[in-house]
Amino acid sequence: MADRTRARQLAAAAIARGDATGWFEELYREADAGKSVVPWTDLIPHPMLVGFLQGRAGAGSALVVGCGFGDDAEELFRRGFQVTAFDVSPTAVAKCEARFPHSPVLYVAADLLHPPPGWAGAFDLVVEISTLQVLPPEPRAVALANVAKFVAPGGTLLVVARAREEYEPRGEMPWPLTRTGMDQFQTCGLAKVSFEELYDSEDPPVRRYRAVYVRPE
């Protein structure tokens, strides 16, 4: 299991000063200097994204939320999508561009809490993996609504997040989502297509939700 100690320290300090996202750049900068690690970075496409893509034709525009070091974005391009990928950390975006210098993926530094207005309704596929779970409740609600807004009419949203039941403790960051929390995507105008509860291959395995939503045309 990846060491999340430093990430939790930076997150706690940033959230205490009213900044829910500033710690990402701090963590990526420390990792770039070899002083820390980004615990959610495996340098491979997320297996639950790969599973979702099996048998699907890659066509249209795709947006990757919180792209990290770019592996999910590159996988989507390989599958035939025109891909935009963003992260709140400029250091993470620079790392993507350095790792994939000839990639046609558009990597952008942007804040999910204040996204570019031109992205509203602009993407045929939106991929959100593990970003909402590292935000506290109030900014998480804003972020979730913004993720839903990115989906074009007839478009699809894939969400992967740690899972917990309502009665289970919230625990430490990353904070798992509940089914009630995931239902907010429907409040934002999306229709649920599938909702799975799966275990990943971490040691010990982590319970996650993988949900697919569409925006009606």
Side-chain angles (χ1 to χ4, degrees), residues 20-22 24-25 27-29 32 38 40-54 56-135 139-140 142-161 185 188-190 193 210-217:
T21 60
F24 290 101
E25 172 62 9
L27 181 63
Y28 277 104
R29 194 181 302 145
D32 196 51
V38 180
W40 52 81
T41 299
D42 296 323
L43 303 183
I44 59 171
H46 197 287
M48 291 189 186
L49 169 63
V50 174
F52 164 79
L53 291 171
Q54 293 300 327
R56 292 177 179 266
S61 58
L63 178 70
V64 178
V65 177
C67 63
F69 288 158
D71 296 281
D72 290 343
E74 296 298 323
E75 179 67 13
L76 287 165
F77 166 71
R78 192 179 73 79
R79 302 274 184 152
F81 290 93
Q82 293 179 299
V83 185
T84 299
F86 77 97
D87 203 285
V88 73
S89 165
T91 298
V93 171
K95 183 72 170 182
C96 293
E97 294 171 337
R99 290 185 68 207
F100 308 106
H102 305 297
S103 173
V105 173
L106 176 62
Y107 289 105
V108 180
D111 187 347
L112 180 56
L113 300 180
H114 305 282
W119 287 0
F123 298 95
D124 301 306
L125 174 63
V126 177
V127 175
E128 155 36 22
I129 298 178
S130 302
T131 303
L132 297 176
Q133 67 188 32
V134 294
L135 297 174
R140 176 187 287 182
V142 174
L144 186 150
N146 287 337
V147 168
K149 288 176 185 176
F150 297 145
V151 184
T156 299
L157 167 65
L158 170 68
V159 181
V160 176
F185 284 110
C188 293
L190 304 183
V193 174
R210 181 172 65 184
V212 178
Y213 305 87
V214 297
R215 183 174 295 284
E217 299 203 42

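These numbers were taken from a predicted model, which means no experiment stands behind them. One-based numbering along the sequence shown.
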At what distance, to the nearest 0.5 angstrom, does [atom1] of [X] lie from [atom2] of [Y]?
X: Asp32; Y: Thr91; atom1: CG; atom2: OG1; answer: 6.0 Å
X: Leu144; Y: Lys149; atom1: CG; atom2: NZ; answer: 11.0 Å
X: Leu190; Y: Tyr213; atom1: CG; atom2: OH; answer: 8.5 Å
X: Glu74; Y: Cys67; atom1: CD; atom2: SG; answer: 10.0 Å

[X] versus [Y], closest heavy-atom pair with distance:
X: Ala20; Y: Phe24; answer: O-CE1, 4.1 Å
X: Ser61; Y: Asp124; answer: N-OD2, 2.8 Å
X: Leu112; Y: Ala143; answer: CD2-CB, 3.5 Å
X: Val105; Y: Ala85; answer: CG1-CB, 4.2 Å
X: Pro115; Y: Asn146; answer: CD-ND2, 3.5 Å
X: Ala148; Y: Cys188; answer: CB-CB, 3.6 Å

Within a strict 4.5 Å, meaning less than it, do heavy atoms of the [X] and [Y] side chains meet?
X: Phe52; Y: Thr156; result: yes
X: Trp40; Y: Ser130; result: no
X: Thr21; Y: Leu135; result: yes
X: Leu53; Y: Leu76; result: yes
X: Asp71; Y: Leu43; result: yes
X: Pro90; Y: Glu25; result: yes
X: Thr84; Y: Phe150; result: no
X: Val83; Y: Val64; result: yes

Please determine whether salt bridge (Lys or Arg N to Asp or Glu O under 4.0 Å) holds for the pair Glu75 and Arg79, giving the CA-CA distance in whole Å, both sets of side-chain angles, and the decisive distance to 0.1 Å. CA-CA 6 Å; Glu75 179 67 13; Arg79 302 274 184 152; 2.8 Å; yes
With a 3.5 Å distance limit and no angle check, can you tell me whether [X] reaches the backbone of [Y] through a side-chain donor-acceptor pair?
X: Arg99; Y: Gly70; result: no
X: Asp111; Y: Val88; result: no
X: Arg140; Y: Leu132; result: yes

side-chain contact (heavy atoms from CB on, under 4.5 Å) for Val147 and Leu157? Distances and angles first, verdict last. CA-CA 8 Å; Val147 168; Leu157 167 65; 3.6 Å; yes
For the residue pair Tyr28 and Phe69, does the interplanar ring angle fall in the parallel (under 30°), tilted (30 to 60°) or perpendicular (over 60°) class?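 If you compare the ring of Tyr28 with that of Phe69, the planes turn out perpendicular.
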Parallel, tilted or perpendicular, as decided by the 30° and 60° cut-offs, for the rings of Trp119 and Phe86: tilted
